[in-house]
Amino acid sequence: ATTHFYADSGLFTIAASCVPNDLPELAKAISAEILSMSTRSISNEEFSRVKNQLKSMVLMNLEFRPTVFEDVGRQVLTHGSRNSAEDWVSKIDAVTKEDMFEVVGKLLKSKPSIAAF
């Protein structure tokens, strides 16, 4: 999954692949996962695991110089300054389940656009 945020809009994407005959099942599985996020039934253990995985991904991505340059450019263009890795870890730690459910609720308010090829 990836996200792109802009001042007045945003984009949340999920990429998946399968053999053509399994596309209906894949679409059902992705839809079920998205809808399950709106039920507010995530355990504390799972929520902690997700946050730890996100922190690991952020820190591992910053080990590659091209990714660091891209990160600096994106942060400066978006926020006017760059946050350190420690800042991002603190921000991730501060996210609550309620924050996550609020974002999911906003995502589910609009009809999805689906593209397959």
Side-chain angles (χ1 to χ4, degrees):
T2 60
T3 57
H4 304 279
F5 295 104
Y6 305 99
D8 60 349
S9 64
L11 182 66
F12 174 76
T13 65
I14 296 174
S17 63
C18 67
V19 295
N21 290 342
D22 292 338
L23 190 55
E25 289 302 315
L26 178 63
K28 287 179 191 174
I30 291 171
S31 298
E33 284 300 314
I34 292 171
L35 290 174
S36 74
M37 291 188 313
S38 69
T39 63
R40 300 180 176 259
S41 63
I42 186 172
S43 70
N44 289 335
E45 180 181 351
E46 185 176 10
F47 188 65
S48 178
R49 189 170 48 244
V50 168
K51 287 170 56 171
N52 286 336
Q53 182 178 2
L54 179 57
K55 289 186 285 188
S56 295
M57 287 173 42
V58 167
L59 295 173
M60 284 189 285
N61 281 335
L62 292 177
E63 291 182 6
F64 301 102
R65 191 171 298 236
T67 306
V68 172
F69 293 144
E70 180 183 345
D71 181 60
V72 169
R74 182 180 17 243
Q75 286 189 49
V76 170
L77 288 172
T78 304
H79 305 290
S81 63
R82 179 175 186 251
N83 288 322
S84 68
E86 293 81 12
D87 292 335
W88 286 113
V89 168
S90 295
K91 288 175 187 275
I92 293 167
D93 283 336
V95 172
T96 66
K97 284 193 218 181
E98 290 73 26
D99 296 330
M100 182 188 72
F101 293 130
E102 181 181 341
V103 170
V104 169
K106 288 178 182 178
L107 286 172
L108 295 176
K109 280 185 180 178
S110 61
K111 292 183 179 182
S113 298
I114 299 173
F117 63 93

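- Every residue was checked against the side chain to side chain donor-acceptor pair (under 3.5 Å) condition with Asn21, not counting sequence neighbours, and none meets it.
- Heavy-atom minimum distance, Ala16 versus Ile30: CB-CD1, 3.9 Å.
- Linking ILVMFWY side-chain heavy atoms closer than 4.5 Å, directly or via other members, places Leu26 and Ile14 in a single hydrophobic cluster.
- For the residue pair Glu45 and Ser43, no side-chain donor N or O sits within less than 3.5 Å of a side-chain acceptor on the partner.
- Contact of the Val103 side chain with the Asp99 side chain is not registered, since no non-hydrogen atoms from C-beta on lie closer than 4.5 Å.
- A distance-only check finds a donor-acceptor pair linking the side chain of Asn61 to the backbone of Met57 [under 3.5 Å].
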**Q.** side chain to side chain contact (heavy atoms under 4.5 Å, CB included) between Asn83 and Lys91, intermediate numbers included
**A.** CA-CA 10 Å; Asn83 288 322; Lys91 288 175 187 275; 3.5 Å; yes
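- No side-chain heavy atom of Ser81 sits under 4.5 Å from any side-chain heavy atom of Val76.
- With respect to Arg82 and Asp87, no salt bridge is recorded, no charged nitrogen being found less than 4.0 Å from a carboxylate O.
- Looking only at side-chain heavy atoms (C-beta outward), Val89 and Val58 stay at 4.5 Å or farther from each other.
- Here the CG atom belonging to Leu108 is positioned 11.5 Å from the CZ atom belonging to Phe101, to the nearest 0.5 angstrom.
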Report all side-chain donor-acceptor pairs from residues 47-55 shorter than 3.5 Å, counting only partners two or more places apart or in another chain.
| unit_1 | atom_1 | unit_2 | atom_2 | d |
| --- | --- | --- | --- | --- |
| Lys51 | NZ | Asp93 | O | 2.9 |
| Lys51 | NZ | Val95 | O | 2.9 |
| Asn52 | OD1 | Lys55 | NZ | 3.3 |
| Asn52 | ND2 | Ser48 | O | 3.4 |
| Lys55 | NZ | Asp93 | OD1 | 2.6 |

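- Side-chain heavy atoms closer than 4.5 Å link hydrophobic residues (I, L, V, M, F, W, Y) into clusters, and following such links, even through other members, never connects Val72 to Phe64.
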Q: Please step through side chain to side chain contact (heavy atoms under 4.5 Å, CB included) for the pair Gln75 and Trp88, ending with a clear verdict.
A: CA-CA 12 Å; Gln75 286 189 49; Trp88 286 113; 3.1 Å; yes
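- Scored by the salt bridge (Lys or Arg N to Asp or Glu O under 4.0 Å) test, Lys28 finds Glu25 as partners (sequence neighbours excluded).
- Atom NZ of Lys97 has more than 12 neighbouring heavy atoms from other residues, nucleotides or ligands inside a 6.0 Å radius.
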